[in-house]
Participant: 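I'd like to ask you about the structure that follows.
Proteins come first, then strands; the chains are lettered A, B, ... in the order of their sequence lines, and each starts at number 1.
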Amino acid sequence: MAEAALRLEQAGYRRSALVEWLTTVDHKKIGILYYWTSIVYLLLAGFLALLMRIQLAQPDMNFLGPKTYNEVMTMHGTMMIFAVAMPLNAAFFNIAVPLMIGARDVAFPRLNAFSYWSFLFGSLLMWSSFLFGHAPDAGWFGYANLSSSRLYSAGPGLDFWDLGLQVLGISSIAGALNFFVTIVNMRAPGMSLMRMPVYVWMVLVTAVLILLAFPSLTVGLFMIMFDRYFDTNFFNPLHGGDPVIWQHLFWIFGHPEVYILVLPPMGIISEILPTFSRKPLFGAPFVIFAGIAIAFLSFFVWAHHMFTVGLGPVPNALFAASTMMIGIPTGVKVFNWLATMWGGSIDFKAPMKFASAAVWLLMMGGVTGVMHATVPLDYQQQDSYFIVAHFHYIIFGVIVMALLGATYYWFPKMYGRLLDERLGTVHFWLTFLAMNLTFFPMHFVGLDGMPRRYFTYSAETGWGTWNLVITIGAFILGLSQLVLLVNVVKTMRQPANAPADPWDGRTLEWTIPSPPPAYNFAVIPTVRGRDAYWIEKYGDGHHTVTDTTQRRHVSVNRDNPGHGLPAGVHLPKPSWWPMIVSAGLTAMAAGMIMHGTETLGPLGFPVVGIGAFVVFFGLLGWHFEPAIEHAEHEQAHVHH
Amino acid sequence: MHGPAPAHAQPGPATWIRVLVLLTIATVLEVLTYAFESTLGALTAPILILFAIAKFVLVVAYYMHLKFDNRILTGIFAWGMLIAISIFAAMAALYHIYGQPLLTP
Amino acid sequence: MQGTSVRWRLAWIFPLGGLLFTSGCGVIGGKIASTSDPAGDQARHIWNLFVVPVWWLTVAVFLLVTVWMLLNIIRFRRKPGDTRIPPQVHGNTRLEIAWTLIPAIILALIAIPSTRLIFELNRDPGQESNALRVEVIGHQWWWEFRYPEYGIVTAGDLHVVVDRPVVLTITSQDVIHSFWPPRLAGKVDAIPGRHNTMVFTPEETGVFYGQCAELCGAQHAHMQFRVVVETQEDFDAWVAKHQRPVPQPAAGTLAAQGKELFEGSAGCAGCHSVDPRYDPTTTPINKTLMIGPNLAYFPERHTLAAFLPNTPENLHQWIANTEQVKPYSTMAEKWWKIRAQQNMLLTDDQVNAIVAYLESLR
Amino acid sequence: MSQAHAAASHPVEEHTTTGISHNRLMMWTFLASDCMFFGSLIWVYFAYRGRYFEPPYPRDLLDIPYTSVSAAVLLLSSFSIVMALTALERADMKGFRGWLLGTILLGALFLGGQYYEFTTFYHEGLTLTSNLFGTTFFVLTGFHGTHVFIGIVWLLVQWLLSYFGKLTPAHVERFFVTTLYWHFVDIVWIIIFMLVYLMPY
Ligand code: HEA
Ligand code: HEA
Ligand code: CUA
Ligand SMILES: [Cu+2]
């Protein structure tokens with residue numbers, strides 16, 4: 001805080017804390033904004049899941065109507081993917097990546113803020129659909145022509161979905177560009193690609209996936225928008241349009257998307273396991289190449305979501321083969337992680353519990369993935385609860401678990417405090433047991449023929465028993481998350497006295513204080529190997545010491561206390577423009593939604609126009625505003 | 001090979017004009033190919049594609065400086081193109097080789 | 001401290017043991033929609049492939065990862081105060097290759113029989129075989145079945161012959177649906193503008209449950225059908241019956257009143273036909289016959305409005321209270337609600353008459 | 001678009017790992033991503049190619065000589081912008097402004113041509129809704145036109161800035177990045193021209 005105040009003073013600004021958060025371009029703060037926004041959304045979207053679970057607890061329940069159920073289901077899926085899993089990942093990109101590569105910030109700090117605000121506004125736009133009584137209801141992949149024709153989805157629900165996703169997509173692409181450039185261009189001296197921490201690698205790969213996958217979604221969403229607003233024929237069978245085109249566009253995006261979600265958590269696992277096992281990641285180059293292989297393959301498997309569409313036996317067989325191939329690099333990762341633990345000295349602190357459970361759960365969700373890839377089996381499993389089981393095992397089991405692990409792991413770097421270990425243990429066990437209780441029986445009802453997206457079912461189907469179990473599990477799971485909140489509240493009341501390196505870490509973020517000063521590194525470190533910090537502490541592979549007591553005391557990269565910014569450090573200036581441009585963009589989307597309604601229709605295009613105007617002048621303002629303090633000003637201060 | 005070459009080590013207007021001439025010739029030939037479609041028959045499509053690729057490469061390599069710039073940039077762009085083209089090819093196969101006929105409205 | 005860590009170790013065993021136990025104890029099956037209880041060749045082939053090799057290979061992978069993880073947890077847990085740094089093993093290329101190859105082999109063991117089955121399941125027995133050909137058309141939210149060979153059309157119940165292959169040509173009139181009779185076969189999407197085929201041979205007589213498996217709007221969950229698998233004789237009788245017009249109610253009966261209402265002021269005939277016959281040459285699969293399901297011989301169907309048991313009471317409810325029984329359905333939106341607005345809902349007596357009429361269509 | 005603008009920050013002595021400026025790296029990465037954008041549009045156009053059940057059909061509408069000229073105009077603009085870049089590198093501000101203005105005018109000419117083409121087609125009965133050709137054609141070429149439009153606005157801003165000393169030879173890297181975008185829009189048209197206009201049915 002002291003540095004921040006100093007920095008502001010130096011820049012000639014005096015701003016309140018609120019203004020500081022609104023205008024921040026500091027990756028650490030943006031990371032925290034991302035983090036809490038997505039955690040709130042996790043609770044909200046989880047709350048929607050609980051509503052669904054009440055409705056499905058027993059046959060013929062009458063809690064949510066069919067339409068409401070579909071809205072709740074669609075918003076649960078859409079928000080969990082786009083407003084929880086993706087931004088929660090982005091939170092840790094921001095919190096950890098610049099620190100791990102020894103950088104003072106990301107390449108484009110204001111663009112980073114723009115990504116956050118677009119995410120916030122885009123997701124709020126989508127959530128607001130509930131307020132207008134028309135939430136999207138065509139499922140998270142909004143299959144055309146149910147989604148693309150006002151005949152089958154009247155009202156603005158799908159417009160909220162379509163345009164909200166466009167805004168979120170822009171946010172993701174901007175973020176991916178930023179992190180791609182940051183990682184390629186801002187590594188500390190000596191950090192060659194093969195010395196980069198595996199997490200950073202996975203973020204890099206993820207950025208590439210986002211950049212190449214999202215445009216396909218953007219195009220598809222535009223087509224749905226044109227069909228809905230201008231009566232085009234993209235998905236209109238009456239003029240020869242083929243709704244299956246949307247499925248291709250969506251899954252060309254959608255399949256890489258699931259790896260966009262899971263690769264960074266895999267990177268997190270690859271950081272946590274070595275740290276708590278006191279061993280380097282086993283076969284790190286293999287793990288990295290496996291990540292790249294998964295990313296590459298993921299572009300050529302999309303039709304495995306479409307096995308029942310009738311593409312023909314040859315395409316089905318080819319896509320099945322390419323899909324199964326993904327199991328091989330994923331297996332490499334799993335086995336390397338197990339081998340990392342093997343022979344280690346494993347300290348099962350909370351992050352480690354979450355990470356090792358995630359490894360096991362990845363296997364659990366992965367093997368059912370291979371079953372879906374077996375086309376004939378998928379004829380039975382597609383769109384059944386077996387699929388729901390598969391992806392919750394991975395999405396909750398790997399992504400959410402690993403990100404919860406990351407929360408415990410990097411909390412010192414966020415707030416300078418360590419979360420309570422005992423509560424962490426309780427949180428882990430409740431979550432782990434409840435998630436299995438919730439999602440495992442879904443395999444049973446799935447094999448017993450229960451289709452997904454059913455708002456109810458009759459007693460004669462015999463699905464009632466397991467559904468009750470699932471519902472009970474879901475409630476326990478939901479309540480377990482409150483333990484985390486309690487833990488955070490409790491911890492935040494304690495002084496921020498976490499050591500710089502609480503876990504005996506291996507990478508650069510542990511060389512600087514917790515929380516790091518505004519400029520991260522007073523002196524940019526020089527990197528001599530993948531486990532850059534570990535090597536400094538305990539020597540490289542050949543001269544390793546055998547006991548932590550023999551640790552070499554490399555001085556923690558402390559800042560020069562009380563003297564403000566270290567000489568020569570330029571910090572980016574806070575800025576309103578990113579938020580203004582995002583607001584303009586969101587206004588354009590909102591105007592488009594209004595255009596589709598009866599009551600606000602005439603206002604629609606004017607609002608779009610105003611939004612475009614704001615975007616244009618916002619960009620101009622952005623352009624003219626100096627990104628950092630003027631050099632002379634800076635100089636004067638430093639020579640003070 | 002080229003190393004991190006700064007933007008300055010580039011050829012000047014003479015090269016730009018030469019490239020422009022080549023681009024113009026290619027365009028003229030393209031349109032001619034189109035005009036003689038009936039004579040060329042099945043050759044038309046490959047010829048057209050060839051000319052388009054030639055023009056594409058000229059602009060990218062010279063006007064966009066990829067030839068003189070850091071190889072990383074070529075790699076990035078080539079991967080984007082590669083993925084886009086492979087998906088395009090897969091889609092073409094799905095729709096034109098394996099696709100069953102759609103119903104006529 | 002010691003206590004916690006022991007508990008930690010043991011606790012792993014409960015979920016794992018529990019999961020293995022439950023999955024081993026036949027918690028699935030014996031239900032009307034269970035895929036583990038096949039009654040048709042396609043479902044049987046699929047289930048067999050699921051059990052051997054997929055399930056057993058999965059168990060192998062499961063055990064490998066689980067046991068290794070448990071060993072890691074138990075053997076290499078750090079003792080309190082242990083400051084030892086274990087040997088810094090960076091990798092082992094031979095092991096890496098091994099665990100690249102082993103999954104590849106496992107996957108090949110799955111892929112080979114799977115690919116064979118893909119082609120087998122997609123084989124059309126050919127025009128000259130004795131296969132029964134039926135057109136399946138999805139509507140929001142009911143299924144229409146046309147028999148072009150016999151020129152008959154029905155809804156809700158698909159009649160097929162035991163041990164005789166059926167070739168279904170599947171499409172949709174509005175949005176995408178998916179046709180899924182779990183005990184007989186997998187699912188095939190019904191897509192407007194496309195036609196898909198499904199081939200299977202039912203192997204047991206009986207009435208089998210089927211449902212829509214692709215989200216198709218509000219009442220997606222209420223889009224069931226039944227597959228009636230019967231002997232050739234029963235099927236022939238069924239066809240013969242449907243090639244005849246429905247019986248006329250005797251004059252003066254309640255049913256006759258119902259007929260008048262049905263064709264007249266109640267406005268049913270605008271959307272429903274009671275003639276089971278149609279002309280396949282003028283109405284190919286993607287041309288609509290009627291907005292609503294064909295009601296010929298309606299009392300013989302198993303479901304009403306694609307989810308309710310077909311009883312006269314439910315029928316009464318349906319006509320009197322369409323909006324409550326199946327909100328958002330076309331009949332509720334385009335008939336019941338409009339009549340409700342105009343205060344033209346049928347009286348109880350009128351509904352009784354119509355029910356009597358429909359019940360007479362046997 | 002917006003990202004591209006964001007790239008235009010003030011010149012900073014930046015040290016980068018690869019020696020490539022952040023802006024240049026980002027623009028190339030963005031263009032790689034844009035390949036997928038146009039790739040998707042183009043394959044949808046192709047998947048529907050020939051599935052046109054109602055007139056007007058492309059063969060009755062497309063005017064190849066006309067479009068050849070506008071394709072040449074766009075190619076020419078690529079040349080003029082690279083000349084502008086060279087002028088800027090040589091600190092020849094007059095030449096820079098001239099070539100840049102030329103580029104803007106060529107771009108505008110192209111857009112005007114497209115406007116004329118669209119209205120002609122419209123009068124001959126081709127609309128967004130008339131058939132799949134109308135739908136896919138207008139959307140594909142329209143998105144390209146939008147890219148051109150954004151490019152023109154961007155160039156115009158830079159042209160104006162050059163009069164206020166906000167775009168000087170010191171900003172050559174920033175202008176270079178703009179030219180990348182502009183060339184990309186041109187090469188996309190090379191592909192569209194070949195696939196949509198010239199490719200036989
Ligand atoms: C982030 C999440 C994520 C991840 C990582 C995966 C990973 C995989 N997924 Fe999953 N998937 C989803 C999220 C994810 N999926 C979602 C959300 C859906 C539903 C979308 C919707 O319809 O709404 C879905 C649906 C889905 C389908 C479509 C089903 C259908 O709708 O019909 C298929 C089909 O092939 C599939 C396959 C796979 C495979 C083969 C993997 C593989 O990558 C898994 C690889 C991992 C392993 C195999 C385990 C570890 C390996 C070993 C221990 C080695 C030894 C193992 C073997 C030899 C088997 N997935
Ligand atoms: C990140 C992704 C993610 C996550 C974490 C989850 C988490 C959960 N999901 Fe989700 N789910 C999806 C992604 C995800 N899901 C997707 C993509 C679909 C497909 C949608 C579609 O078909 O289109 C889906 C579909 C889906 C279905 C199928 C619906 C259907 O097909 O009809 C079900 C059914 O049980 C379900 C249940 C759950 C449950 C019980 C959880 C639990 O983990 C949730 C646990 C709960 C909490 C963590 C919240 C705690 C909250 C409180 C304690 C209350 C606080 C109160 C307030 C804030 C007011 N999900
Ligand atoms: Cu029809 Cu779901
Ligand atoms: Cu997938």
Side-chain angles (χ1 to χ4, degrees), chain A residues 66-67 139 143 145-146 152 237 242-243 278-280 282-283 286 308-310 313 316-317 321 324 327-328 331-332 335 338 341-347 360 363 367 371 374-377 379-380 382-383 433 436 440 444 447-449 451 453-456 460-462 541 544 546-549, chain C residues 15 19 27-28 31-36 46 49-50 54 58 61 65 68-69 72 76-78 82-86 88-91 96 99-100 103-104 107 110-111 114-115 117-119 121-122 174-176 178 182 186-189 191-193 196 211 213-221:
Chain A
K67 187 115 195 281
Y143 271 4
N145 50 347
L146 181 64
Y152 304 121
D242 180 12
R278 282 193 191 147
K279 270 186 70 196
F282 191 90
F286 282 87
T308 61
V309 160
N316 276 0
M324 287 187 186
I328 299 171
V332 167
F335 295 127
L338 289 166
M341 294 170 78
W342 184 264
S345 164
I346 310 177
D347 188 9
W360 186 77
M363 178 276 296
V367 290
M371 293 177 186
T374 310
V375 180
L377 304 190
Y379 290 163
Q380 289 284 28
Q382 200 261 339
D383 269 334
L433 294 175
N436 282 294
F440 201 80
F444 304 149
L447 288 178
D448 272 340
R453 299 162 163 192
Y454 265 23
F455 78 99
T456 190
E460 60 169 346
T461 56
T544 323
T546 54
D547 202 285
T548 51
T549 50
Chain C
L19 299 183
V27 288
I28 55 168
K31 309 203 172 68
I32 61 169
S34 188
T35 62
S36 64
I46 295 175
L49 182 69
F50 182 76
V54 177
T58 303
V61 172
V65 173
W68 192 350
M69 180 58 93
N72 279 340
F76 301 111
R77 160 182 301 278
R78 188 181 303 167
D82 183 356
T83 55
R84 177 187 54 93
I85 295 178
Q88 301 288 296
V89 183
H90 285 270
E96 302 280 0
W99 59 56
T100 309
L107 290 171
I110 296 175
S114 151
T115 309
L117 192 54
I118 296 175
F119 284 91
L121 295 183
N122 279 273
D174 35 49
V175 301
I176 300 178
S178 192
K187 61 183 77 64
V188 167
D189 292 355
I191 302 167
N196 281 326
Q211 56 197 345
E214 186 68 77
L215 179 63
C216 51
Q219 290 291 359
H220 162 57

Participant: Strictly below 4.0 Å, N to O, side chains only: are A/D448 and C/K31 in salt-bridge contact?
Facilitator: yes
Participant: Checking A/D242 against chain C: side chain, backbone, both or neither under 4.5 Å from a heavy atom?
Facilitator: side chain
Participant: If every non-hydrogen atom of C/F119 is compared with every non-hydrogen atom of A/A317, which pair is closest and at what distance?
Facilitator: CE1-CB, 4.2 Å
Participant: Return the CZ to CE distance between C/F50 and A/M371, rounded to the nearest 0.5 Å.
Facilitator: 4.5 Å
Participant: What residue among C/L117, C/I118, C/L49, C/T115 forms side-chain contact (heavy atoms from CB on, under 4.5 Å) with A/T374?
Facilitator: C/L49
Participant: Would you say the ring centers of A/Y454 and C/H220 fall short of 6.0 Å from each other?
Facilitator: yes
Participant: Quick one: pull up CD1 in A/I328 and CG in C/L107 and give me the separation to the nearest 0.5 Å.
Facilitator: 5.5 Å
Participant: Can you name the closest pair of heavy atoms from C/A111 and A/M324 and give their distance?
Facilitator: CB-SD, 3.9 Å
Participant: Quick one: ring-ring contact (aromatic ring centres under 6.0 Å, His included) partners of A/Y152, sequence neighbours excluded?
Facilitator: none
Participant: Considering only heavy atoms, which portion of A/A321 lies under 4.5 Å from any heavy atom of chain C: side chain, backbone, both, or neither?
Facilitator: neither
Participant: Minimum heavy-atom separation for C/D189 and A/Q382, please, with both atom names.
Facilitator: OD1-OE1, 4.4 Å
Participant: Select one option (side chain, backbone, both, neither) describing which atoms of A/P66 are under 4.5 Å from chain C's heavy atoms.
Facilitator: both
Participant: Kindly indicate whether the side chain of C/L215, heavy atoms from C-beta on, has any atom under 4.5 Å from the side chain of A/L146.
Facilitator: yes
Participant: How close do A/G343 and C/P86 get, heavy atom to heavy atom, and via which atoms?
Facilitator: O-CB, 3.3 Å
Participant: Which atom pair, heavy atoms only, marks the closest approach of A/L338 to C/N72?
Facilitator: O-ND2, 3.1 Å
Participant: Is there a side-chain contact between C/E96 and A/F335 in this structure, where contact means two heavy atoms from C-beta onward sitting under 4.5 Å apart?
Facilitator: no
Participant: Looking at every heavy atom in both C/I46 and A/L377, which two are closest together, and how far apart are they?
Facilitator: O-CD2, 3.4 Å
Participant: So, the side chain of A/T308 versus the backbone of C/K187: is there a donor-acceptor pair under 3.5 Å, distance only?
Facilitator: no
Participant: Please name all residues satisfying ring-ring contact (aromatic ring centres under 6.0 Å, His included) with A/Y379, sequence neighbours left out, ordered by chain then number.
Facilitator: none
Participant: For the candidates C/T58, C/V89, C/D82, which exhibits the highest count of non-hydrogen atom pairs separated by less than 4.5 Å from chain A?
Facilitator: C/V89
Participant: With a 4.5 angstrom heavy-atom cut-off, is it the side chain or the backbone of A/M363 that approaches chain C, or both, or neither?
Facilitator: side chain
Participant: Run the salt bridge (Lys or Arg N to Asp or Glu O under 4.0 Å) test on C/R78 and A/D347 for me, step by step, so that the C-alpha distance in whole Å, both residues' side-chain angles and the decisive distance to 0.1 Å come before the verdict.
Facilitator: CA-CA 5 Å; C/R78 188 181 303 167; A/D347 188 9; 3.7 Å; yes
Participant: Measuring from A/K279:NZ to C/Q88:CD, what's the distance to the nearest 0.5 Å?
Facilitator: 8.5 Å
